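Let me begin by presenting the structure, written as structure tokens, before commenting on it.
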Number of protein chains: 2
Amino acid sequence: MTREHVSNLPEVPEEIIQHFDQWQAEGVDASNCPVRDVLDRIGDKWSVLILMMLAREPKRFSALNKAVGDISKRMLTQTLRALQRDGLVERTVYPTTPPRVDYRLTDLGHSALRPLAGLIVWADKRHDDIRAARDAFDRQETVAA
Amino acid sequence: MTREHVSNLPEVPEEIIQHFDQWQAEGVDASNCPVRDVLDRIGDKWSVLILMMLAREPKRFSALNKAVGDISKRMLTQTLRALQRDGLVERTVYPTTPPRVDYRLTDLGHSALRPLAGLIVWADKRHDDIRAARDAFDRQETVAA
DNA sequence: AGTTATGGTCTCGTTTCGTTACCAAGGATC
DNA sequence: GATCCTTGGTAACGAAACGAGACCATAACT
């Protein structure tokens, strides 16, 4: 039943699903799971956005701040530091006044872009479906209440 | 300069990067950006994990709770509700006692699995690099202090 | 002297998160 | 027939993370 359901959809490599199964059997917690470890960083509110913004070329702190728009300086600093710590982003300070600081993707950071692009394309393509689902869900709730 | 840097890396489709550029020019905030809208949900602490766990077959609430391990019932409920609202997961209640509730991926949920798998493979492959970068960063900090 | 610009940090109030206790319903146990 | 067990949650509360805004150092420019 589940198999039929799955089989007519774009396939997820069986190998990956086996990974999932395996983790599941072991009980996935943060300590033993690389995906958890990485996703907890990458998967926060701002990281992906910032990696995207740096895709083509390095950017200054203020440029990032403006590009993202509704991020606060506090969170921008924090996110950039985390990305730097994880080796995805490189920080360069030019000791001028006023100071100038560039952020650029490292090779590792660049390598993240491809999988992220996959996700982004999906998000773009399915956005309408998701919004429709949301509306339907919220209507139901309203009716039930 | 940046171009050379980029060109010898696994390529990200130029089309995608243009997307990034465009968003950037417009100033990406939550309201006008589908990616933001979607990523804010998908990209929370638990959603991806749960989608992974449901990859092969539907699971009961308690099974998910056990599989993830360090998620609380509160957050599990909350995350599942959000996924259901976004149409990625379907909730089925069997009115027995004690109650039995199944969660399964919808077609939409399944379609998310492929891009997520890409990310997961990346995380798995690059985990060591990231940890190494972290260690190096933390050592530097310690020395500087 | 006063203004402007950059790349932050500090503080404080609000949200969100995680932990624990609790609940309802019926079947099994004694 | 009173008690206990199980499932799938919810309620309440303290802890941690987040967001808005004020503030700062430096020097060039007016």
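Order of the sequence lines fixes the chain letters, A, B, ..., with proteins taken first and strands second; residue numbering starts at 1 for each chain. It should be emphasised that the depicted structure is a prediction, and the values quoted were computed from it without experimental measurement.
Here the nucleotide nearest the side chain of B:Gln78, chosen from C:dT19, D:dC18, C:dC17, is C:dC17. Taking the side chain of A:Trp46 as heavy atoms from C-beta on, and the options D:dG9, D:dG19, D:dT26, the nearest nucleotide is D:dG19. With distances taken from any side-chain atom of B:Arg60 to the nucleotides C:dT9, C:dG7, D:dG8, the minimum falls on D:dG8.
For the OP1/OP2 pair of C:dA5 and a distance below 4.0 Å, the side-chain nitrogens and oxygens of A:Arg100 include no atom meeting the criterion. Note on A:Lys73: every side-chain N or O is 4.0 Å or more away from OP1 and OP2 of C:dC10. Contact check, A:Lys45 against D:dA17: no side-chain N or O comes under 4.0 Å of OP1 or OP2.
When the nearest nucleotides of DNA chain D are assigned to A:Met75 and B:Asp102 by heavy-atom distance, the more 5′-ward of the two goes with B:Asp102. Residue A:Ile71 is the one, among A:Pro99 and A:Ile71, whose nearest nucleotide of DNA chain D lies closer to the 5' end (criterion: closest heavy atom).
If you measure from atom NZ of B:Lys59 to atom C1' of D:dG8, you get 17 Å, rounded to the nearest angstrom. One can place CG of B:Asp44 at 21 Å from P of D:dA16, the figure rounded to the nearest angstrom. For the pair B:Arg41 CZ and C:dT16 C1', the computed distance is 12 Å after rounding to whole Å. A straight line from CZ of B:Arg74 to P of D:dA15 spans 15 Å, rounded to a whole angstrom. Distance CZ (B:Arg91) to P (D:dT7): 16 Å, rounded to an integer number of Å. Residue A:Leu76 contributes atom CG, which lies 14 Å from atom P of D:dC18 at whole-angstrom precision. In this structure, A:Asn65 atom CG and C:dT9 atom P are separated by 13 Å, rounded to whole Å. Atom pair A:Ile50:CD1 and C:dG7:C1' shows a separation of 14 Å (rounding to whole Å applied).
Side-chain contact of B:Ser62 with B:Asn65: a donor-acceptor pair under 3.5 Å is absent, judged by distance alone.
Among the atoms of the strands shown, only primed sugar atoms or phosphate atoms (P, OP1, OP2) are found under 4.0 Å from some heavy atom of B:Tyr103. Within the 4.0 angstrom heavy-atom criterion, only backbone atoms of the sugar-phosphate kind lie near B:Ser62; the bases stay farther away.
The CG atom of B:Leu49 sits 9.5 Å away from atom OG1 of B:Thr79, with the distance rounded to the nearest 0.5 Å. With rounding to the nearest 0.5 angstrom, the CZ atom of B:Arg36 is 11.5 Å from the CH2 atom of B:Trp23.
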Chi angles and distances behind the side chain to side chain contact (heavy atoms under 4.5 Å, CB included) call for A:Lys59, A:Tyr103: CA-CA 5 Å; A:Lys59 288 216 156 16; A:Tyr103 292 91; 5.8 Å; no

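In this structure the side chain of B:His127 reaches within 4.5 angstrom of the side chain of A:Val38, judged on heavy atoms.
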